[in-house]
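Encoded as structure tokens, the structure appears first; notes follow it.
Here the structure is a predicted model, which means the values were calculated and not measured.
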Amino acid sequence: MPTPWRLGGALLLAAVLAGCATVSNPDPRDPWEPMNRATFEFNDAVDRAVLKPAAEGYRFVLPEVVRTGIRNFFSNLQDPWIALNQLLQGKVERALDDASRFLWNSTLGLGGVLDVATDMRLPKHNEDFGQTLAVWGVDSGPYLVIPILGPSTVRDAAGIAVATQAYLPWQLPKWLDFNYQTTWQWSLTGLDLVQTRANLLDATNLLEQAALDRYTFVRDAYFQRRRNLIYDGNPPPLPASDDKPAEAPNAPPMDAGVPAVEDTQREDPPATAPPGETASPFRLVEPRVPASSSDALSNDADAVAPAR
Amino acid sequence: MNRFLGFLIGTLAALLVPAAFAEDLPPDALVKTVTEEVISIIKQDKDIQAGNPQKSIALVEQKVLPHFNFARMTALAMGVNWRKATPEQQQLLVEQFRTLLVRTYSTALSAYRNQVIDFKPLRAPAADADVVVRSEVKQSGTEPVSIDYNLEKTSGGWKVYDVAVGGVSLVTTYRDAFASEVRNTGIEGLIKALAEKNRKLEPKAG
């Protein structure tokens, strides 16, 4: 355990020392780019040497039915934590849906191997503690690439740290006092890591093809994805910026109502996070658990604004 | 013989009809028709499923490409730098970007495995000339992934100018990449980088 971390630390340090002068035009969201790039390279090396081959072997050896069962099993173990986060964000109805998912899938779905809840019109949701912090008004903070786990932000990393306490493949063997407890913990966590990587094989192969610079591609996609998740798939349109896209051939003038093509996607509206004002990684405002989710989201900017 | 002729004519008609009607279709129907057509072809074609690049590229060029406005897409991805490019540079950028997207898209198609795609009702008023068509890919044990198409009305029918998967917009993601390339190496540098990328992705046998 200490060896890879020490190696990672040495790499990080070397990168910070060497990298200070290499980024001439930093992204305001990514002030630690030299360090992050080094971690990205490190993760890539680990992935090429260990994780990706393991995931490819997993996909080669096991038939699709078995892999789907395993994916469902680990997905089911996330649902109680997802339900709790819904509750913390004030989304009571969704919390009940996710709790029902867990109950139905754990019983009728044979311990989560079958996702029967989706067919009962209880679709899977995507929530985590990082999103909960965002709904409470915590700013994303700088972009942060975490060793092994990959792209994140300071806020989302804090969310992951909290979530480890609710990570059932690790905690269940402890709580239920299994025989060979540590063997169970490591086997389940390892299997989860490999099956998660296997689910991402197509996506990462695509990324390899599509990106001019994989680092910035992943970073930009991460910020857009998180913004989308925080607003449960319906982010408000970004305010128009003065850096207007040029007219295109046979194209009408830009329509401000189209969120996807507005300039410089930021996770928060510029009113709350102007570029250049990144003095503190966190900007905490009064925790605000709203009565309904739509209320919280439409007023999100207002909730943060008084803090400055 | 007669039966064969009938079959041939039927097939030809089936091929021609969607092309003739595509210009008149409303945007949501257009995206749905094209998606369903492409999926039914992939399902029947073992070569595409196995990842044959020539066949999936041909599929994309025939069925998908005509409904995209690559010039608009490239201009949006270039942002302010679009106006700084000469007409010749603009043309090269559109060509290279189009090649890159076709190659990437055709790889994505060969990863398709029987996922169910749902289309959502169009929310925009019928008179709008710029709409978002929303769809969702469903798979057991994972939350549905949204695929949103931005379309605009042109004289040649509705054309897609951006696609967002799970909230990640193609145009926006490339915009930052293009901007940093232009900052470091200029517009010529970006054209070279795109051409280099495409050369590496060249299908082996082609």
Side-chain angles (χ1 to χ4, degrees), chain A residues 24-25 27 64 68-76 105 112 114-115 118-119 123-126 199 201-203 205-206 209-213 216-217 219-222 224-229 231 233 235 243-252 254-255 257-265, chain B residues 69 71-84 90 94 100-101 103-104 107-108 110-111 113 129-130 132 138-144 146 148 150 152-155 161-164 166-181 183-184 190 193-194 197 201:
Chain A
S24 48
N25 280 294
D27 188 309
E64 194 170 348
T68 304
I70 294 174
R71 186 176 67 217
N72 288 345
F73 172 77
F74 283 105
S75 166
N76 183 50
N105 283 343
L114 301 175
D115 181 8
T118 293
D119 297 325
K124 177 90 182 170
H125 293 132
N126 185 324
N199 291 334
L201 279 173
D202 288 330
N205 289 341
L206 201 62
Q209 279 206 359
L212 290 176
D213 172 10
T216 53
F217 214 83
R219 181 185 64 199
D220 294 332
Y222 182 79
Q224 289 181 63
R225 177 75 183 136
R226 292 301 289 178
R227 185 169 191 276
N228 190 268
L229 287 175
Y231 288 101
D243 186 21
K244 283 212 176 66
E247 308 133 46
N250 64 46
M254 283 300 303
D255 185 347
V258 183
V261 295
E262 284 306 325
D263 204 70
T264 50
Q265 291 260 4
Chain B
N69 182 351
R72 174 96 196 267
M73 243 173 161
T74 314
L76 288 172
M78 286 295 287
V80 282
N81 288 319
W82 181 249
R83 267 170 296 184
K84 295 177 191 157
Q90 289 182 349
V94 174
L100 178 60
L101 291 182
R103 301 239 161 106
T104 312
T107 311
S110 54
R113 292 285 178 274
D130 195 326
V132 184
K138 295 190 169 168
Q139 200 178 13
S140 149
T142 52
E143 86 268 14
S146 66
D148 299 342
N150 288 75
E152 58 167 352
K153 200 173 194 166
T154 71
S155 49
Y161 66 88
D162 193 13
V163 182
V168 180
S169 139
L170 194 82
V171 162
T172 309
T173 309
Y174 272 108
R175 181 176 300 158
D176 286 346
F178 283 7
S180 87
E181 195 67 48
R183 215 160 37 221
N184 294 331
L190 172 61
L194 282 169
K197 180 89 205 167
L201 295 176

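Listed here is the closest heavy atom pair of A:Ala210 and B:Leu100: O-CD2, 3.8 Å.
The main-chain N or O of B:Pro144 is never found under 3.5 Å from a side-chain atom of A:Lys124 such that the two would form a donor-acceptor pair. Between the side chain of A:Gln224 and the backbone N or O of B:Ser169 there is at least one donor-acceptor pair closer than 3.5 Å. Counting only distance, with no hydrogens or angles, the side chain of B:Arg103 and the backbone of A:Gln209 share no donor-acceptor pair below 3.5 Å.
When each of B:Ala77, B:Ala108, B:Gly166 is scored by its heavy-atom pairs under 4.5 Å with chain A, the top score falls to B:Gly166. Annotation: maximal heavy-atom pairing with chain A below 4.5 Å, among B:Glu181, B:Gln139, B:Glu143, occurs at B:Glu143. Contact tally against chain B (heavy-atom pairs below 4.5 Å) for A:Pro123, A:Gly233, A:Ala211: the top residue is A:Ala211.
Neither the backbone nor the side chain of B:Leu101 comes within contact range of chain A, judged by heavy atoms closer than 4.5 Å. Both the backbone and the side chain of B:Thr142 come within less than 4.5 Å of a heavy atom of chain A.
In this structure, the side chains of B:Asp176 and A:Asp220 come closer than 4.5 Å at one or more pairs of heavy atoms. By the 4.5 Å heavy-atom criterion applied to side chains, A:Asn205 and B:Thr107 are not counted as neighbours.
With rounding to the nearest 0.5 Å, the separation of CG in A:Asn228 from OG in B:Ser146 is 5.5 Å. A distance of 5.0 Å separates CG of A:Leu212 from CG of B:Leu194, quoted to the nearest 0.5 Å. Taken to the nearest 0.5 Å, the CG atom of A:Asp213 stands 12.5 Å off from the CZ atom of B:Phe178.
Surrounding NZ of B:Lys138 are at most 12 heavy atoms belonging to other residues, nucleotides or ligands under 6.0 Å away.
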